[in-house]
Amino acid sequence: MQPIAPAGRPGSVRTRLYHVIFGHESSAGKTFDVVLLVAILASVAAVMMESVRPFREEYGSLLRAAEWIFTVLFTIEYLARLWTVKRPSSYAFSFFGVVDLLAVLPTYVSVLLPGGQVLAVVRILRVVRVFRILKLAQFVGEAHVLAAALRSARYKITVFLISVVSIVVVVGAMMYLVEGPAAGFTSIPRGMYWAIVTLTTVGYGDIAPVSPFGQALASLVMIMGYAIIAVPTGIVTVELSRQPGPATSAAPARLCPSCGRPDADPQARFCRYCGNELPPTPSGVVGRPAPAGEGAPSGRPEGA
């Protein structure tokens with residue numbers, strides 16, 4: 001969760017810069033986000049082009065210079081974010097804070113470990129901010145529903161994975177015993193690798209059983225693979241059907257423009273999750289005006 005409190009006094013340089021970097025309602029904030037997204041996409045494209053040999057041989061020095069320019073700019077932006085927030089540690093250990101840090105580290109690491117700059121493609125995760133720019137916060141609410149379904153199904157999925165691993169170990173050992181090194185099954189781990197490839201219906205074909213019993217066992221594993229693929233899908237689908245949607249209350253839910261979470265309370269003035277001010281109540285919803293302070297978060301907002 002992003003921090004919501006600026007470090008400076010109202011009207012100060014730090015506060016104004018905070019609203020430009022973290023805000024999205026003003027024209028300056030929108031412009032900053034759009035420029036940032038363009039820079040992120042351009043930097044990732046430069047890293048990808050450098051991995052192509054013809055481009056690297058002809059434009060290698062130019063691409064490396066561009067990568068360093070982008071890295072310096074992203075470093076300045078990261079330090080500015082830390083400087084403008086009230087609690088820098090909250091931002092540094094948030095999702096976006098960690099991603100922003102990982103976006104600049106690979107280029108510096110490449111000084112000691114050549115080739116490490118390719119890991120800079122992790123900065124593509126920063127384009128998640130497009131939700132905020134394009135007013136797609138409602139999709140974040142749907143993401144919360146999916147995450148809740150996965151949390152509810154975690155024990156079923158764990159049991160399923162344990163069962164799959166057990167099958168892989170048993171089948172791998174049997175193929176090692178039946179086929180042996182002559183067919184490419186030089187060890188039990190090698191047999192487990194074949195079992196995983198076959199069970200997932202990938203079938204690379206680098207190793208294959210040649211004996212009748214091994215082929216019969218392989219056929220059984222292939223058929224079993226189709227059934228196994230359907231199990232986690234069914235588990236998650238059932239849990240999704242049990243989850244309430246982001247707006248199932250009697251009152252239409254309002255989405256927080258900052259964190260994207262829904263709030264169906266027509267009397268709330270502030271988001272109960274992050275503390276930012278909510279948009280006006282949708283028309284047609286009857287509710288008394290909230291007294292001063294009502295609807296504000298009871299404790300310290302998350303990430304503050």
Side-chain angles (χ1 to χ4, degrees), residues 1-8 12-137 140 143 258-260 303:
M1 183 73 63
Q2 290 184 354
I4 62 170
S12 64
V13 175
R14 294 175 72 179
T15 301
R16 291 199 299 268
L17 184 59
Y18 170 88
H19 288 297
V20 171
I21 295 177
F22 288 96
H24 58 279
E25 297 298 335
S26 65
S27 58
K30 292 179 181 179
T31 302
F32 175 83
D33 285 338
V34 171
V35 172
L36 178 61
L37 282 176
V38 172
I40 292 170
L41 295 177
S43 65
V44 172
V47 174
M48 295 173 65
M49 291 175 63
E50 190 183 5
S51 66
V52 181
R53 184 174 179 179
F55 286 104
R56 184 172 62 251
E57 292 177 349
E58 187 169 355
Y59 305 106
S61 58
L62 180 61
L63 293 174
R64 286 292 292 164
E67 173 58 26
W68 274 105
I69 291 174
F70 284 125
T71 300
V72 171
L73 292 177
F74 292 147
T75 302
I76 295 174
E77 178 227 348
Y78 178 74
L79 295 177
R81 290 179 183 272
L82 292 177
W83 181 61
T84 57
V85 297
K86 187 175 183 179
R87 297 181 60 189
S89 60
S90 297
Y91 167 72
F93 291 101
S94 66
F95 170 76
F96 281 118
V98 173
V99 171
D100 291 346
L101 179 61
L102 293 178
V104 299
L105 284 182
T107 305
Y108 296 116
V109 172
S110 67
V111 176
L112 301 177
L113 299 175
Q117 72 274 6
V118 299
L119 297 178
V121 295
V122 73
R123 63 183 55 152
I124 194 68
L125 295 176
R126 303 188 70 196
V127 301
V128 174
R129 288 189 173 95
V130 75
F131 288 122
R132 187 178 66 174
I133 299 172
L134 300 181
K135 304 296 184 181
L136 301 179
V140 180
S258 176
C259 67

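Residue numbers count from 1 along this sequence. Please read these numbers as outputs of a predicted model, since none were measured by experiment.
- Residues passing the side chain to side chain contact (heavy atoms under 4.5 Å, CB included) test with Ala92, sequence neighbours excluded: Tyr78, Leu82.
- Shown here are the side chain to side chain contact (heavy atoms under 4.5 Å, CB included) partners of Ile76, two or more places apart in sequence or in another chain: Val72.
- Remark: Tyr91 OH to Leu101 CG distance equals 9.0 Å, nearest 0.5 Å.
- Asp33 places none of its side-chain heavy atoms less than 4.5 Å from the side chain of Ile21.
- Of the inter-residue distances, the one linking Asp100 atom CG with Leu105 atom CG reads 11.0 Å to the nearest 0.5 angstrom.
- Looking at heavy atoms from C-beta onward, Tyr59 lies out of side-chain contact with Met49 at the 4.5 angstrom threshold.
- Considering every non-hydrogen atom in both Ile124 and Ile40, the closest pair reads CA-CG2, 4.4 Å.
- Atom-to-atom distance recorded for Tyr108:OH and Thr75:OG1 is 3.0 Å, nearest 0.5 angstrom.
- The backbone N or O of Thr84 lies less than 3.5 Å from no partner atom in the side chain of Arg14, so there is not a single donor-acceptor pair.
- Proximity of Phe74 to Thr107: side-chain heavy atoms (C-beta onward) are nowhere separated by under 4.5 Å.
- Side-chain contact between Glu77 and Phe32 is present, with heavy atoms from C-beta onward closer than 4.5 Å.
- Atom CZ of residue Arg81 and atom OG of residue Ser94 lie 9.5 Å apart, to the nearest 0.5 angstrom.
- The nearest pair of heavy atoms linking Glu50 to Arg56 is O-NH1, 3.0 Å.
- When side chains are defined from C-beta on, Val47 counts as touching Glu67, because their heavy atoms get closer than 4.5 Å.
- Taking every heavy atom of both residues into account, Pro88 and Val85 meet most closely at CA-CG2, 3.6 Å.
- Atom CG of Leu63 sits about 10.0 Å away from atom CD of Glu58, to the nearest 0.5 Å.
- Listed here is the closest heavy atom pair of Leu102 and Pro106: O-CD, 2.8 Å.
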